[in-house]
Amino acid sequence: MERFVLFISEPGADDFVDIHPSEPAAQSALVDYVRARATTNGLPDHPDDEQAIASYFDGSEAIFAITRITPQSMPGNDQ
């Protein structure tokens, strides 16, 4: 069974890693993270999810990745 990992790294903050059952679920978690952090940091709220993500990471040292993992690529799985 495949899973999707959401990884976010920002200077001055602990890295964020979360596992999701689907890519849309990981994308939704990314949107939730960006919107919560943007509000906390006083950044403008964009109605479009893609624009909110782009605006949050644009010009920043913060990075994110969503990647698919399968049982063959999971550590400790010798199938």
Side-chain angles (χ1 to χ4, degrees):
M1 173 189 298
E2 66 183 17
R3 298 277 190 240
F4 290 81
V5 175
L6 168 60
F7 171 78
I8 303 170
S9 181
E10 295 190 72
D14 290 338
D15 289 345
F16 177 87
V17 178
D18 205 10
I19 299 173
H20 299 275
S22 67
E23 189 170 11
Q27 185 74 20
S28 178
L30 174 61
V31 170
D32 291 345
Y33 178 94
V34 164
R35 291 195 182 281
R37 297 284 294 185
T39 299
T40 301
N41 294 337
L43 299 173
D45 187 29
H46 295 284
D48 178 73
D49 291 343
E50 294 296 323
Q51 187 179 17
I53 293 167
S55 175
Y56 186 79
F57 289 98
D58 186 41
S60 168
E61 291 183 35
I63 59 169
F64 78 92
I66 296 176
T67 187
R68 179 177 58 107
I69 56 174
T70 61
Q72 293 80 16
S73 65
M74 292 180 194
N77 192 344
D78 297 328
Q79 294 183 12

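The first residue in the sequence is number 1, and the count goes up from there.
The nearest pair of heavy atoms linking Pro11 to Ala62 is CD-N, 4.0 Å. Closest approach of Asp15 to Ser9, counting heavy atoms only: OD1-OG, 2.9 Å. Arg35 and Pro47 make their closest contact through NH2-O, 3.6 Å (heavy atoms, listed as atom of the first residue, atom of the second, distance).
Ring orientation note: the planes of Phe16 and Tyr33 are tilted relative to one another, at an angle of 30° to 60°.
Under the salt bridge (Lys or Arg N to Asp or Glu O under 4.0 Å) criterion, Asp18 pairs with no residue, sequence neighbours left out.
Rounding to the nearest 0.5 Å places CD1 of Ile19 at 12.5 Å from CZ of Phe4. How far CZ of Phe64 is from CD of Glu10: 11.5 Å, rounded to the nearest 0.5 Å.
No more than 12 heavy atoms of other residues, nucleotides or ligands lie within 6.0 Å of CG in Asp14, so this atom counts as exposed by the packing criterion.
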Contacts under 3.5 angstrom, residues 23-30 side chains, donor-acceptor by atom type, not counting sequence neighbours:
{"unit_1": "Gln27", "atom_1": "NE2", "unit_2": "Glu50", "atom_2": "OE2", "d": "3.4"}

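Put simply, the side chain of Ile53 does not reach to within 4.5 Å of the side chain of His46, judged on heavy atoms.
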